[in-house]
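What follows is a set of notes on a single structure, which appears directly below.
Quick note on labels: first sequence line is chain A, next is B, and so on, each numbered from 1. What you see below is based on every heavy atom in this structure, not just the backbone, and it leaves out hydrogens, waters and symmetry mates.
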Amino acid sequence: MEITGNIATIAFALATLGPGLGIGWLVAKTQESVARQPEVASTLRVNMLIGAAFVELLALIGFIVFILAYFV
Amino acid sequence: MEITGNIATIAFALATLGPGLGIGWLVAKTQESVARQPEVASTLRVNMLIGAAFVELLALIGFIVFILAYFV
Amino acid sequence: MEITGNIATIAFALATLGPGLGIGWLVAKTQESVARQPEVASTLRVNMLIGAAFVELLALIGFIVFILAYFV
């Protein structure tokens, strides 16, 4: 027996690296900005949600890639 | 006997790297912001939970990938 | 004799890298923030515990992955 498995799993793992760091970074700066100008907190939150959705999509497509490569 | 195993285990491990750093970073900035503007602490906590949920999801999908690749 | 073993061990090791740094970073910023605004120390501690729980979970799932891959 030797090392087994499908590299599609590694592919999904790598596909979370950028999004994980990216969402962390944009939420971090959102927080900093809310503390600096609390009166625009709701605008900042909408921007944060839009940004996080865009980035999250990349990782979710990574999951679709895994499903396609592994099962189809 | 030689090195054995399924690389799906390595895949989950890599899938924690980005999210681990990302959540750490966004919570760190939340704390800094709460200390700067304590009156918006509740807004900041809501943003933190939303952000952490977005990022945590990536690693939890990584666990789903491991389960699919290892047992299915 | 040659190198033997299961790569699930290396996988758990990698799974501690991001969370280890992430929790370290968020607790570090918590301390800085408590020192800056001691009157919000309890809010900061709650945020810290929530954040650490999110991140710690990732490494604990890494241990579950090891157990599954090694014994199941």
Please classify the contact of [X] with chain A as side chain, backbone, both or neither, using a heavy-atom distance under 4.5 Å.
X     : result
B:I64 : side chain
B:V72 : both
B:I50 : side chain

Non-hydrogen atoms of A:A28 and B:W25 that approach each other most closely: CB-NE1, 3.0 Å
For the student: nearest non-hydrogen atoms of A:R45 and B:N47, plus distance: NE-OD1, 2.6 Å
Between the side chains of B:S33 and A:E32, does any donor sit under 3.5 Å from an acceptor? no
Look at B:L57, B:L14, B:L44 and state which one has the largest set of heavy-atom pairs under 4.5 Å with chain A. B:L44
Give the interface residues of residues 34-42 of chain B toward chain A, defined by a heavy-atom separation under 4.5 Å. B:R36, B:Q37, B:V40
Please report the interatomic distance CZ(A:F12) to CZ(B:F66), rounded to the nearest 0.5 Å. 14.5 Å
Spacing of OG1 belonging to A:T16 relative to CD1 belonging to B:I61, to within rounding of 0.5 Å: 9.5 Å
Hey, are the side chains of [X] and [Y] touching, using non-hydrogen atoms and a 4.5 Å cut-off?
X     : Y     : answer
B:I7  : A:I3  : yes
B:T4  : A:E2  : no
A:Y70 : B:V65 : no
A:L21 : B:L17 : no

Is there a side-chain contact (heavy atoms from CB on, under 4.5 Å) between A:V55 and B:F54? Walk through the geometry before answering. CA-CA 10 Å; A:V55 181; B:F54 267 109; over 6 Å; no
Answer yes or no: is there a donor N or O on one side and an acceptor on the other, between the side chain of A:T9 and the main chain of B:A11, under 3.5 Å? no
Heavy-atom donor-acceptor pair, A:Q31 side chain to B:K29 backbone, under 3.5 Å: no
Between A:L60 and chain B, which part of the residue has a heavy atom less than 4.5 Å away: side chain, backbone, both or neither? side chain
